[in-house]
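Just below is one structure, and these are the notes that go with it.
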Protein chains: 2
Amino acid sequence: MAEAGDTTQPSDASERSRADATRDAILAATAALVSHDGVSKLTLARVADRAGVSKGGLLHHFGSKQALIAAALDHTLESADQALHALAVANGRPRGSFAQAYIDYVRDPDHTANAAAAILAAATLELDDPQAAAAQFDRWRQRLANDGLDDATATLVRVVSDGLWLIDLFDLAPPDPEQRKAMLDQVEQLLPTD
Amino acid sequence: MAEAGDTTQPSDASERSRADATRDAILAATAALVSHDGVSKLTLARVADRAGVSKGGLLHHFGSKQALIAAALDHTLESADQALHALAVANGRPRGSFAQAYIDYVRDPDHTANAAAAILAAATLELDDPQAAAAQFDRWRQRLANDGLDDATATLVRVVSDGLWLIDLFDLAPPDPEQRKAMLDQVEQLLPTD
DNA sequence: GCCAACGTACCGTCCAGTCGGTCGGTCGGT
DNA sequence: ACCGACCGACCGACTGGACGGTACGTTGGC
């Protein structure tokens, strides 16, 4: 789904073609539209308008609405993955570094807004491949399972973090910042101390 | 939104009119349709068909699609609330009884399927009153806050339980039964022991 | 005979996807 | 240096179908 080495790479990778910029604009518009106006407002015309292209132009890049959503999902999932790994490297824990990253990632509610939007969209409009998100989350699950934690704690970290942004997504009386912090700190103390 | 004592209660409450049975059938069909076929398949015609009535018949009971979803949401939220209170009474803890109930409720994934479906539907189709679900969850949050637990633990119980059924809902690599149990047991041990 | 509880036919709107076309650039031949 | 063939990027009008909602007819119980 993610094409890095494209069909006819003209000269060098650093030269981002205008087409790629348009693609990114469309992807960004998609995420922005969903998180601001809701899934029901996600129409090709609106996305195109927001991205500054025509509907025809949008469909030139993404062959269908499903393809657009799949690409948006892929994009946000991948950037979340990169952010998680960067956080894991940054904290430099010998054990539980990924768990620490997983917790830290959700400390900022804004972090997860776009990813949440993409997942909601993908779940709502049925994707050909609803496994795309599940596969990524399963990879994170495995990573967490091999992070030097016991099983129960690994599961707890995952459920708490994912639960938090899902609660944010649906606005199900999300905990206020202090409670959020206190709870995450409490979970963090279950991580191995080296 | 919740009409218990309706407009013209004829004689006694135990006499359930045929109209009420139809209403319930429609509500059940709504929940079943969403959880089996997904939100995008939730159309008035399909719900009516599944409930064994015509679209006109459906609209006789629920004036609009939004009204239907609001009623379905209200219905599932209310039954979840009753289940939670029954569980809380059953465990008879002096402190943390509601927290215990909140944990127990999500031990069985099937428990939450319908509620989840209704909430998803409500979130997707924008409801006039998106606060309906939030209000109920906020009531549970308050109940949890006054359950004899410290704030961090109360928040943790809520996030873990809600996180679990939200993960189930989106099928985001849900933990297997053993991990689920182990994690919930671990959280349960944070409750006050009397 | 009246009203609630339906059913049936229909309308207007919205929207995904199609299609023919425009425009700027590039590349090979000369 | 120039030209024509070609191509990717993009536009915008259009269509066909789905869907929410309306208008009106019908029936059965009280």
Side-chain angles (χ1 to χ4, degrees), chain A residues 3 5-12 15-30 33-34 37-72 121-122 124-128, chain B residues 3 5-12 15-30 33-34 37-72 121-122 124-128:
Chain A
E3 63 280 352
D6 224 326
T7 49
T8 54
Q9 201 73 10
S11 46
D12 60 337
E15 175 190 300
R16 290 178 48 78
S17 69
R18 179 168 292 107
D20 279 349
T22 305
R23 265 187 72 100
D24 288 354
I26 292 171
L27 253 20
T30 304
L33 221 176
V34 175
D37 300 346
V39 197
S40 68
K41 296 288 175 57
L42 184 69
T43 69
L44 296 183
R46 254 184 278 257
V47 171
D49 192 51
R50 191 165 195 139
V53 290
S54 69
K55 204 168 66 158
L58 193 165
L59 284 161
H60 171 73
H61 289 284
F62 305 94
S64 69
K65 190 176 184 178
Q66 292 220 343
L68 169 65
I69 298 182
T124 303
L125 289 295
E126 269 96 45
L127 234 40
D128 297 336
Chain B
E3 63 280 352
D6 223 328
T7 49
T8 55
Q9 200 76 9
S11 47
D12 60 335
E15 175 191 301
R16 288 178 48 77
S17 68
R18 180 168 291 108
D20 279 349
T22 305
R23 266 185 73 99
D24 287 355
I26 293 171
L27 253 19
T30 304
L33 222 175
V34 175
D37 300 346
V39 197
S40 67
K41 297 288 174 55
L42 184 69
T43 69
L44 295 183
R46 252 184 281 257
V47 170
D49 192 51
R50 191 167 194 137
V53 290
S54 68
K55 205 170 66 161
L58 193 164
L59 284 161
H60 170 73
H61 289 283
F62 305 94
S64 69
K65 189 176 185 180
Q66 292 221 342
L68 169 65
I69 299 183
T124 303
L125 289 295
E126 270 97 46
L127 234 40
D128 296 337

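To find a chain, count down the sequence lines: A is the first, B the second, and so on, and within it residues start at 1. Below, each value reflects all heavy atoms present in this structure, side chains not excepted, and no hydrogens, waters or symmetry copies.
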Would you give the length of the straight line joining atom [atom1] of [X] to atom [atom2] of [Y], rounded to the nearest 0.5 angstrom?
{"X": "A:Lys65", "Y": "A:Leu59", "atom1": "NZ", "atom2": "CG", "value": "11.0 Å"}
{"X": "A:Thr30", "Y": "A:Leu42", "atom1": "OG1", "atom2": "CG", "value": "6.5 Å"}
{"X": "B:His61", "Y": "B:Thr22", "atom1": "NE2", "atom2": "OG1", "value": "4.5 Å"}
{"X": "A:Lys55", "Y": "A:Thr43", "atom1": "NZ", "atom2": "OG1", "value": "8.0 Å"}

Problem set entry | Terminal helix-axis angle for the helix from C:dG1-D:dC30 to C:dT30-D:dA1, with five pairs defining each axis and rounding to 10 degrees |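 Computed from the C1' atoms at both ends, the axes differ by 10°.
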Output the rounded distance in Å from [atom1] ([X]) to [atom2] ([N]).
{"X": "B:Leu44", "N": "C:dC11", "atom1": "CG", "atom2": "C1'", "value": "15 Å"}
{"X": "A:Leu68", "N": "C:dG17", "atom1": "CG", "atom2": "C1'", "value": "13 Å"}
{"X": "B:Arg23", "N": "C:dC6", "atom1": "CZ", "atom2": "P", "value": "12 Å"}
{"X": "B:Asp20", "N": "C:dC6", "atom1": "CG", "atom2": "P", "value": "10 Å"}
{"X": "B:Gln66", "N": "D:dC19", "atom1": "CD", "atom2": "C1'", "value": "14 Å"}
{"X": "A:Phe62", "N": "C:dA16", "atom1": "CZ", "atom2": "C1'", "value": "16 Å"}
{"X": "B:His61", "N": "C:dA5", "atom1": "NE2", "atom2": "P", "value": "6 Å"}
{"X": "A:Leu58", "N": "C:dT18", "atom1": "CG", "atom2": "P", "value": "13 Å"}

Output a table of donor-acceptor pairs, distance under 3.5 Å, between side-chain atoms of residues 44-51 of chain A and any protein atom two or more places apart or on a different chain; print 'none' if there are none.
| from | atom 1 | to | atom 2 | distance (Å) |
| --- | --- | --- | --- | --- |
| A:Arg46 | NE | A:Lys41 | O | 2.9 |

Ignoring the backbone of [X], work out which of [options] is nearest its side chain.
{"X": "B:Ser54", "options": "C:dC6, C:dA16, D:dG21", "result": "C:dC6"}
{"X": "A:Leu59", "options": "C:dA16, C:dT18, C:dC6", "result": "C:dT18"}
{"X": "A:Thr43", "options": "C:dC15, D:dC11, C:dT8", "result": "C:dC15"}

For this session: Give a yes/no on whether any side-chain N or O of B:Thr22 is located under 4.0 angstrom from OP1 or OP2 of C:dC6.
Result: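 Yes.
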Problem set entry | Presence of B:Arg46 side-chain N/O under 4.0 Å of D:dA18 phosphate oxygens OP1/OP2 |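 No, no such contact exists.
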For this session: Would you kindly check whether a donor in the side chain of A:Lys55 faces an acceptor in the base of C:dG17, or vice versa, at under 3.5 angstrom?
Result: yes
For this session: Please tell me which of A:Ala45 and A:Gly56 maps to the more 5' nucleotide of DNA chain C, matching each residue to the nucleotide holding its nearest heavy atom.
Result: A:Ala45
Problem set entry | 5' priority, DNA chain C, between B:His60 and A:Leu42 [closest heavy atom] | B:His60
Seminar exercise, completed: In short, B:Ala67 meets B:Gly63 closest at the heavy-atom pair CB-N, 4.2 Å
